[in-house]
Number of protein chains: 4
Amino acid sequence: MGAPSPGAAEQRGRPRSQRARVAVLTAAAELMVSGGFADLTVEGIAAAAGVGKQTVYRWWGSKADVVVEAVAEGYLTLPIVSLGDAGDLRADLAAWLRGIRSAIEEEDAARLVEAIMSALASAGETSEAIHQSLIRPIMAEIDSRFREHDRAHPGALPGPPSFLAETVGAHLLLHVMFGWPLGEERIGQLLDLVAPAAP
Amino acid sequence: MGAPSPGAAEQRGRPRSQRARVAVLTAAAELMVSGGFADLTVEGIAAAAGVGKQTVYRWWGSKADVVVEAVAEGYLTLPIVSLGDAGDLRADLAAWLRGIRSAIEEEDAARLVEAIMSALASAGETSEAIHQSLIRPIMAEIDSRFREHDRAHPGALPGPPSFLAETVGAHLLLHVMFGWPLGEERIGQLLDLVAPAAP
Amino acid sequence: MGAPSPGAAEQRGRPRSQRARVAVLTAAAELMVSGGFADLTVEGIAAAAGVGKQTVYRWWGSKADVVVEAVAEGYLTLPIVSLGDAGDLRADLAAWLRGIRSAIEEEDAARLVEAIMSALASAGETSEAIHQSLIRPIMAEIDSRFREHDRAHPGALPGPPSFLAETVGAHLLLHVMFGWPLGEERIGQLLDLVAPAAP
Amino acid sequence: MGAPSPGAAEQRGRPRSQRARVAVLTAAAELMVSGGFADLTVEGIAAAAGVGKQTVYRWWGSKADVVVEAVAEGYLTLPIVSLGDAGDLRADLAAWLRGIRSAIEEEDAARLVEAIMSALASAGETSEAIHQSLIRPIMAEIDSRFREHDRAHPGALPGPPSFLAETVGAHLLLHVMFGWPLGEERIGQLLDLVAPAAP
DNA sequence: GACTAAACGAGACGGTACGTCGCGTCTTTCA
DNA sequence: TGAAAGACGCGACGTACCGTCTCGTTTAGTC
């Protein structure tokens, strides 16, 4: 239509400062890594970002919201290794799980995970956002691999690819939340369960 | 013997008040259910229990500790149905999972789970305690059933009983944390995975 | 001259909006009466006037300035009865003082006086303006009457007319500030002091 | 009575800290003198006193209350010269008024008066307290002198002693509030009014 | 009639202080 | 010496306004 693009915001007043927005997210990410979620304060974020406290509350409502957006926007990321495709599903998965283990055992990543879990727990309504930005990527990685394998060998998997991916993710979550080590034996059991060797 | 029983602490001064102890745990349990972990305060517990704040700190150290003990002592329990043994593992498991689903979908139980998750997330050091008192009982229920089935039909299960129990528990955790419904399809997939029908 | 009137600023750009000016003063006056000076805010004035905050700051600089101008322009007035001239100075003054008393005891006027006092106290530099617009009119009323009496009966007054007017004003101020009632006895004493009956 | 004194407080819990109380009043007095009432903040008082903000709010409710108590307890005092008695009422009063003038013109006293006025204006309900501790002492000084003079020379004064004292006080208030100088001429007029020389 | 320039409304910005809540500690009296 | 009561220093909360700073939008002159 010749009319001005519909839905174009009739923007009134001073527009939102991107500088402030980025500064808040960056500061939150840094403070999260250095001190964890529990020690994080809105006041601290605002100070570190060189921003008024009200600016945080104007756009976010709570420290959990800030963290969620920081995660969603990639200011906080888990160093997830990508799942290779060397032809052997079991071997690929095993290598990937060992990579995850390393990442989790590393100091920063552990703190990050714990922090994200806290954010999630204290803000149930935003759990979907966290799921989308944190859990989903992890599962997506193996999901596609499962899917591909399923196409190549129909009926060989013990369940739908996405379900298997979630099974792996659920186990990882369990280990992370309770601080259990992800040992070789456990990896073996997991592989036997979701990607049994062809008999 | 004339001597005080050996090893028995020669306790001096006024002994710990059981009245106060029970009142604190009871109050904590009630406040937890009615308001969740985040809204719980030591001050609130003490007031509701008719107890001095110092008394709480003398014996517990933090609100998480109180909750953990309340859970451990059974002041806070999930209404877990027990896993029957009607001869068919799949059928028994299915019934049990549906029972869990009902419990989770009920208002109070959902709040309790969320609260316990928060306690866990905000107090990593007590996670083991929470695991022992909250997660373990759930898993124990199915674990023993898996174990029994394994004895009866060696080699029929796709993994060690305790591992399979954890797999089920992990999935439940995933659903609870992200508020996913535990549908029939998902239950079926889970059963196919951990208790495949004999071919 | 054909040239534009000399000294008249060659004003460029949009001229000051009288609509906005009046709206601000009116809003300030209303808010002053309804809530007092302490509860008055620039933000509130701007909102009530349907005006941008910047517009207030562009022309006034502080809420005290706005109030001062509102008083000066007559948007806020004390309902002062005028001092009659029935031939008897004492009787006229007594009637006038009783009128003042009624005005002060009325709800709105009391609030107004208190508000103006606050404005005065919190903005010493504008005290002269407030004096001019608030105190002076009151004194002027009796001042002229004293003056006239002095001309008719030289030497009869116990001091210069303006000084006597200020004495009356000072007493009124004292009563207003400390919330003392202006009783008949006090009125009598005041009259005896500034307008003694001829012996 | 043998019983514990009736009305004796059954004091429970930690008693109020006198250290904190004195520190707050002292800090408030100092900040008042150095910065005035407008620049005074509860936060600032608490910080300067080495006291939690809550402690201030627990006992005082507002900065005005603190100031009022500081004045009432003598942490803030006007350097009032005492009214001598050299036999001549007019001469004594004149000397005393000149002393007041010096005190007012001095920097600290001026600020103090202004501050107290602000406190008064912003806290109408406490005006009586301020009157008692600030205005009354000034008036009491001359009141007793007037009274004595009235006993010695009955009928010589143009009004009751306390009324005349208030007249002087009211004039002083007027001068202080509007920053008018208290000149010799004005002092003379005042004396003529309240203590006319015997004819 | 286009151009310029200032005032306008709106509202976000970095700040300061507010008054409240809860922390974990300390200091009383009572049992 | 434990327990109740409750004040203490402290730190963060979320809100209210401050006075300033963009924005896009009038609303006059002036070219």
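In what follows, every heavy atom counts, from backbone to side chain, and hydrogens, waters and symmetry copies are set aside.
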Side-chain atoms of residues 16-32 of chain A: list all donor-acceptor pairs with protein atoms under 3.5 Å, sequence neighbours left out, distances to 0.1 Å.
| from | atom 1 | to | atom 2 | distance (Å) |
| --- | --- | --- | --- | --- |
| A/S17 | OG | A/R19 | N | 3.3 |
| A/S17 | OG | A/A20 | N | 2.9 |
| A/R21 | NE | A/E69 | OE2 | 3.3 |
| A/R21 | NH2 | A/E69 | OE2 | 3.1 |
| A/R21 | NH2 | A/E73 | OE1 | 2.8 |
| A/R21 | NH2 | A/E73 | OE2 | 3.3 |
| A/T26 | OG1 | A/V22 | O | 2.7 |

### Query
Do the non-hydrogen side-chain atoms of C/I45 and C/T41 ever get within less than 4.5 Å of each other?
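Result no, sub-4.5 Å side-chain heavy-atom pair not found.
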
Closest to side chain of [X], choosing from [options]:
| X | options | result |
| --- | --- | --- |
| A/R14 | F/dA28, E/dG11, F/dA3 | E/dG11 |
| B/S17 | F/dC8, F/dA3, E/dA7 | F/dA3 |
| A/Y57 | F/dA3, F/dC13, E/dG11 | F/dC13 |

### N/O (side chain, A/R12) to phosphate O (OP1/OP2, F/dT25) under 4.0 Å
no

### Task
Return no unless some side-chain N or O of C/W59 is found under 4.0 Å from OP1 or OP2 of E/dC8.
yes

### Message
On DNA chain E, does the nearest nucleotide to B/G61 precede the nearest nucleotide to D/G61 from the 5' side, or the other way round? Give the residue.
### Response
D/G61

### Base of F/dG11 paired with side chain of D/K53 (donor-acceptor, under 3.5 Å)
no

### Task
Could you tell me the separation between the CD atom of B/Q18 and the P atom of F/dA3, rounded to a whole number of Å?
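It works out to 10 Å between those atoms.
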
### Task
For A/Q11 and A/P15, work out which heavy atoms get closest and say how close.
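Residues A/Q11 and A/P15, closest heavy atoms: NE2-CB, 2.9 Å.
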
### Query
At under 4.0 Å between heavy atoms, what does C/R21 touch on the DNA or RNA strands: base, sugar-phosphate, or nothing?
nothing

### Query
Are any side-chain N or O atoms of A/K53 and backbone N or O atoms of A/A46, one a donor and one an acceptor, separated by less than 3.5 Å?
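The answer is no, because no donor-acceptor pair under 3.5 Å joins these two groups.
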
### Stretch residues 42-52 of chain B: residues that reach within less than 4.0 Å of DNA chain F through a heavy atom
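Listed by number, they are B/G50, B/V51, B/G52.
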
